[in-house]
Structures are given as C-alpha cells and as structure tokens.
Amino acid sequence: MSQPVRPAPPSAPAPKPGGIAERARAAAAPSYLDGLNPEQRRAVETTEGPVLVLAGAGTGKTRVLTTRIAHILATGRARPSQILAVTFTNKAAREMRERIGRLIGGSVEGMPWLGTFHSIGVKILRRHAELVGLRRDFTILDTDDQIRLLKQLLSAANIDEKRWPARQLAILIDGWKNKGLTPEKIPEGDAFVFANGEGRRLYHDYQARLKILNAVDFGDLLLEPLRLFQENADVLDDFQSRFRYMLVDEYQDTNVVQYLWLRLIARADGNLCCVGDDDQSIYGWRGAEVDNILRFDKDFPGAVVIRLERNYRSTGHILAAASGLIAHNEGRLGKTLHTEDEAGEPVSVACVWDSAEEARAIGEEIEQAQRRGHKLDEIAILMRASFQMREFEERFVTLGLPYRVIGGPRFYERAEIRDAMAYLRVINSPSDDLAFERIVNTPRRGLGDASVQLIHAIARDRSIPMTQAASLLVDSEELKPKPRASLSSLLEDFARWREELSTMKHADLAALMLDESGYTAMWQADRSPDAPGRLENLKELVRSMEAFESLAGFLEHVSLVMDADAGADGDRVSLMTLHSAKGLEFDTVFLPGWEDGLFPHQRALDDQGRAGLEEERRLAYVGITRAKKKAHIYMATNRRIHGLWQSTVPSRFLDELPVDHVEVEETGSVAGSRGGYGYSRFDTAEPFANTYETPGWKRAQARGKTDFTRRGAAPMIEGTVIARSGGETSFGIGERVFHQKFGYGRVVAADGNKLTVDFEHAGQKRVVDSFLERH
DNA sequence: GATCCATTTGTTTTT
DNA sequence: CAAATGGATC
C-alpha cells in the first residue's frame, strides 16, 4: 500500500467528477491522483523504465494512461513534444487528447506525437521522405488504388488474374509488411504461395511502382519508418533521444512491425509503458501478435508488471459470466477480475426463430426500456459481422427508433467520395496516376480503354506521369479527333483548377470543380434511388473541407482518419461490430447471432483452428464486458446463409457461460408467432386501425412478394408497431421530402409523427418524421 | 465506346 | 441473394 498522503480508505468513493469539491482541490494540489486505487496509482507513478500494465476490461485503463501522461507533464519530467503516445484508433487518440487537457487544465499545447501508429508513421516519413526514396508530398493509397495497381502489374506479368486474384496478392503483401518483411526478406516458402513463386518479384515490382508514383500504402506507413530507422543510425538516434516517455495503448493488438519499431525507439531500458489485455486481443487476422504482450518482460528485462483487476464497470453477474467464458481459453496470462458492485441481473439468453424476429424482439425490448426511461445512448447492439446490421436498421426505421451506425460503411469508401477525392488528388499532385486514371472517364467523356491504354504506353515509355503523357498525346495525331478534343479540354480544366487553387478557398474550388467537370451533373441525371444520397455526401465532403488549412492537409486527413463523424447527435441506439466496440461501454448491450458458424465464425475456425476459436471467444468476452448493467444474448434457430435458409446450431459459447450467472429468457415469441395475434402485450396500446396500413403490409406490397417464411403470421407481427406518442408532425400532406435511405418522395398521409411517404424510387414507406428533411 | 444482360462470385473483423 | 464482373450486342 502506498504511503497515505491523504488518509482516505481505498474504498472511498471517487469525488463527483466536475463537482465543486474536485475543482477546488484541483486548484491546489495535483488532484489527478485522487480516486485512483493503489495499483492504478502505481501504474501512474512508476514513470521510469519499462512498465507493462495488464488491465482487464473496465479496470480504468484509459484513466491510467491519461493520468500518467498528465503526471509526467505536471511534474516537469518532459514537455508534451517529448512524449510518444500511441493509440489504436484515431478516435481513442482524440479522446485521450481531450482527457489530458481536462486533467491539467487544457493549458498545454497539443501533443504532437499522440496518435495511431499509422499517423505517427506518416509524420516521420514526411520528415525523412528522401531517405526512403519518396518525395515529401507522397500520397497515401487506399485499398482500392492498391488493388488497381496490382492488377496492372499482374497483367503486365501475364499472370491469369482469375487464378491469382489481385485481392489475394494485396492481402499477402499486407501480411508481409505487417511482419516487417521487405521483398528480399520474405521466406522462400512464403514467396511461393502466389503464382508459382512469382510472389517475391511481384512484391518487389509493386514497391518499385509505388516509389515511381511517389505513393505509399497502409502497410508502408509502418514498414518504411522501420526501414528508415534500421538504415539511418542518426535518424534513429534523433528519435530515441527525442522521446523521453513512450506509452502504448492496446498493446495486445500490436503486430510485428509495430513491435520492432517500438523496440528500436525505446531500446531495452527506455521509459516505455505498454497497456493491454491479452484477453481482448481480437486483431490476430490483421497480424497482431498476442505474443508481444505475453513476452514483454523478456523483451524488456526488469520490466515492472502491474495488474489492474478491479472492475469498475459491470455488475457481478456480467463479470462472472464473462470471466467464466474466457476461462475456457488456454495460453492466457490469467487475471481474476473482481467488482465491488452489486450482483445485478444475470446475463439473459433468448432464442428466437430467425433474424427478422431477432430484430423485432430486440427492437421491442429497447422500446420497453425506453418507456422505463432508459436512455438510448446507453444501449448498443454488438454483432459479429456487419451484414447483420441491415436487419436491425430496417426494423428500427419502421419503428421510428433512432439509431446510429458506428464504423459502418465508411464515408471515404463510397464511390462518389473516392471520385471526388481523385479529382482533388490530381489537382494537388499532377503525378498521381491512380487518381488520374480513376477520373479520366468519370463522368463519361469518351475516353475509354483504348485512349487510356495509349496514355499508359506513353507514360511507361518515357517514365513520365500520365498527365504529362496525356498532354503529349494531345499534341500528337495519335488519337481520333473526338477523344483528342475531349482529353485536351480535360487537361485545360485541370490546369485552370490548379491555378485557381492559389486564389480560391479549397472547399469552394472543390465545389466548383465537381460542377465544372460534370461530376455533379452525372449524379443528378442518375435515376437510381441512392443518387440523392450521393449528392448529399458530396456536399458533406465539401463542407468538411472547410475545417482544413490546405488541400494537402485535408487529403492526408481523409486517407488516415477515414471516419467522418457526420454529426449523428441526439439520443440514439448504437449499432456496431464487436470489433469496433472495443473500449466502449453501455448500460445495456444486445448480442445477437450467437450461432455456431456465425459466432464463432466458421472462417476463423477453418483458417486458424484452435487459435481462431480462442480469438472468437475473446471477441465474445469483449462483447459481454461492454455491458455495465445488462447483457442480452440472442440466438436465432434459422438464418439465411448464402441466400438459403438454414437451421442453426447454438453457439458453443452459450454452453460455456457459467449457469449461475445466466438466465434463459422466455421470450414466448417463438411460440407466440405461431398464433400471430396476441403476440405483443403492448399492441393494445394504440393498434393501427387498418391492417392494410401496417408497415409490414406496405413493405410486402412494395416488394411485390412476401419474403416471410411463416405465411400469414409474420405480416401481423410486423404490424405490431407501438405507436408512440410522438405528437404532431410539422410536415404537410403533399410536401416534398428527402430520406437518407429511400431518397426523395412526397408525403401522402400523416398519423402523429409517423408519415406515409411515396418515394420516387422506393415506393410507399411509413417513416417517422425525424428521419426526413424538407426539400 | 457504351449499355445491357448473364454469369459468376463471394459475404469477418480494420489502421 | 446481392454485388460485381465479363461478354455480347447496339
């Protein structure tokens, strides 16, 4: 026990955050240490030498990290720029920055070296680009560009793309990079798995191409800094002495390159503090090595190991259920989490007929909770795979239940955003061939394959960028008049926009460019239902550019950060995958889809065997431990796989949950659905007067077919929507509206805040007015 | 060179 | 069952 500076029992309640008492004390002594338990405090105060903090779920890991940084700064051990702090996601970095600011009063200038491995990698590379064969303004390729590049290489090498897909090669190369292997270093056997031994040469050629394009891929952001350190002692030396203190969050998820990188910078005796939980290692498929955490004290001799085992998050039952489950894993460091919280409610397990009913049942439970005053913000649905999300979205839209998707189909991945970005990239760096290629003929300008091939040939011949090759081509007679004129005017456009970049704000230029290029017009002319949404996204993109200093700064941000937090504020249920749930917590958590094959996922089992199963189990552990007060597990007896209905086998994890902490819930819905009527105890509240007005019926009509497996009954259940007293709507009949999912339409009927809208492309739907915008 | 239709293909997790 | 690719046709 540490010496009692202020004699308070360890169990003393933490002061109310932000309370008067706390703020008063903050003005006097370093109050940031208050409320830490002895282990946490030790983890904060052991600043010198290597430290490994084994922090179980909910043991205050983030708090320790932020406090530790605050402590280092407050005691004058280092300046902010001398601290390297690595987080796993950009979101975590943002959060940590805020929390440190709050701890030490926000007067410290932002820490320049706080971020993900990738973003720190970019920073280092920009500084020393020449040393690894790049220019300072290199571009970062996304997966899409990467694959297109590899496709070109494969066809140049005359390799059948059908037999050896570029995707596979991309995964392979990524794997090598994650292991810190340059082309020369990959083992013979590895090189042989692709195209009969062409793997090494292709990897080598790919790297050479990247250098010519002045580009890096994601893997390079880790591998190239490592190479830089290994080959340039002076640079390494510089970074070694710069970073007085180093902190790494989620250490269990680091891969080999990241490890090697850390080893180099921290040496064996540096002030390196790694925080992690071997039971939460869920990124093995991405090259993460749990081994890194398991052998920390061998890599860093004399390392202090601190265990945080007191859980502050979950109730007794939840913690016990999770602990019992994870105990089935072998090869773990082993921690015994305990809580002083009450036992609470057992984890519930419910069995439903199929995924539609799963969504229905969960939706209903949420509405019930909401009526009891439960905040939607404190509810999350965590699933194994993102395709499970759709069913819930559909259900929630009909229910009018506000939800938010976290980490879903990412903003930057959408085609229209990529296209727009490609325009910006060409303007920003004329030698960005991949961007050029992407948009030469988007929108259609009559510059098809033939023309592009010609440009390509010239570019390769003279080793010049495609834009230059294109301008040569325009001056020649090789193209037919039509494409020639078209290409010429495109190049003129590029030149003009580039010029305007110096006079206009980049956001304005982007809007101008999208209009003048005909790109906006292309989507306006598009009659598909998602075209309006895409135009919205483009607007959003332009809007988000305003926050950046320069075009180059914006481009870098997008390639690294990727999540555009499109202000989804308000009280909403969160939907996300188990992977993106790591580090979060909610009062109530729903865990659907606990069936063998889905969870644990078949592929994890096939590819990784027992290791795969253990990782899946850790994923389950992560899921359960997100819950503070209540965890609901669901399994469906039938699920559609590959489009076919299949009956399922309950997840083996269900049997591994300790019986004392689990209750099997009688949903009654499997039995109840057979009767159809009387399914819900709540539908008497305000049933729809007319069965033909129900969303289920409407949807069945819109689709022109019933996709319900159980005839008759299901549509009735679909109709048991609880009409909530949402009040009157401000939308009028006949008004033109816009909906994120369904596009444009006109209001045909109103019932409280629930409107029936005739969508131009999606047909009639009942939606809640909060999902609509006026147009 | 573009468009339409058929066939094929694959559906885990992400910086 | 969907999306994405490839081939045939205009």
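Per chain, numbering begins at 1; letters A, B, ... match sequence-line order. These values consider heavy atoms only, across backbone and side chains, with no hydrogens, waters or symmetry-generated copies.
Between dT14(B), dC1(C), dT12(B), one nucleotide has an atom nearer to the side chain of Tyr283(A) than all others, and that is dT14(B). Ranking dT15(B), dT12(B), dG1(B) by closeness to the Ser386(A) side chain, first place goes to dT12(B).
What separates CG of Leu382(A) from C1' of dT12(B) is a distance of 15 Å, to the nearest Å. Rounded to whole Å, atom P of dT13(B) lies 20 Å from atom CD of Gln252(A). The OH atom of Tyr251(A) sits 21 Å away from the P atom of dT15(B) (whole-angstrom rounding). The CD-P distance, from Gln646(A) to dC1(C), rounds to 13 Å in whole Å. At whole-Å resolution of the value, OH in Tyr621(A) and C1' in dT13(B) are 20 Å apart. Here dT14(B) presents its P atom at 14 Å from CD of Glu250(A), a figure rounded to the nearest Å. Taking atom CE on Met389(A) and atom C1' on dT12(B), their separation rounds to 12 Å, with Å as the unit. For the pair Lys177(A) NZ and dT15(B) P, the computed distance is 18 Å after rounding to whole Å.
Within the nucleic acid shown, Ser451(A) comes within 4.0 Å of sugar-phosphate atoms alone, with no base atom in reach, counting heavy atoms only. In this structure, Phe117(A) reaches neither bases nor backbone, as no heavy-atom distance under 4.0 Å exists between it and the strands shown.
With sequence neighbours excluded, the residues satisfying side-chain contact (heavy atoms from CB on, under 4.5 Å) with Ser386(A) are Met389(A), Thr577(A). The side-chain contact (heavy atoms from CB on, under 4.5 Å) search around Arg652(A) returns Asp596(A), Pro600(A), Leu605(A), Leu613(A), Glu656(A), not counting sequence neighbours.
Between the side chain of Asn441(A) and the backbone N or O of Leu447(A), at least one donor-acceptor pair lies under 3.5 Å.
Side chain Trp285(A) to base dT13(B): a donor-acceptor pair is found below 3.5 Å. At a cut-off of 3.5 angstrom, the base of dT13(B) holds at least one donor-acceptor pair with the side chain of Arg384(A). Under 3.5 Å, the side chain of His118(A) and the base of dT15(B) form at least one donor-acceptor pair of N or O atoms.
One finds a side-chain N or O of Arg444(A) lying less than 4.0 angstrom from the OP1 or OP2 phosphate oxygen of dT3(B). Checking the phosphate oxygens (OP1, OP2) of dT14(B), no side-chain nitrogen or oxygen of Thr143(A) falls inside 4.0 Å. Close to dT14(B), at under 4.0 Å from its OP1 or OP2, lies a side-chain N or O of Thr577(A).
Aromatic ring centres of Phe392(A) and Tyr403(A) lie farther apart than the 6.0 Å criterion allows. Close placement of the Tyr283(A) and Trp285(A) rings is indicated, their centers lying within 6.0 Å of each other.
Where Gly448(A) and Ala385(A) meet DNA chain B, the nucleotide closest to each residue was compared, and Gly448(A) sits on the side nearer the 5' end. Summary of the strand contacts: Phe387(A) and Asn441(A) both lie near DNA chain B, and taking for each the nucleotide with the nearest heavy atom, the more 5' one is attributed to Asn441(A).
Environment of CD in Gln453(A): crowded, with over 12 heavy atoms of neighbouring residues, nucleotides or ligands closer than 6.0 Å.
Distance check on atom P: dT13(B) versus dA4(C) gives 15 Å, rounded to whole Å.
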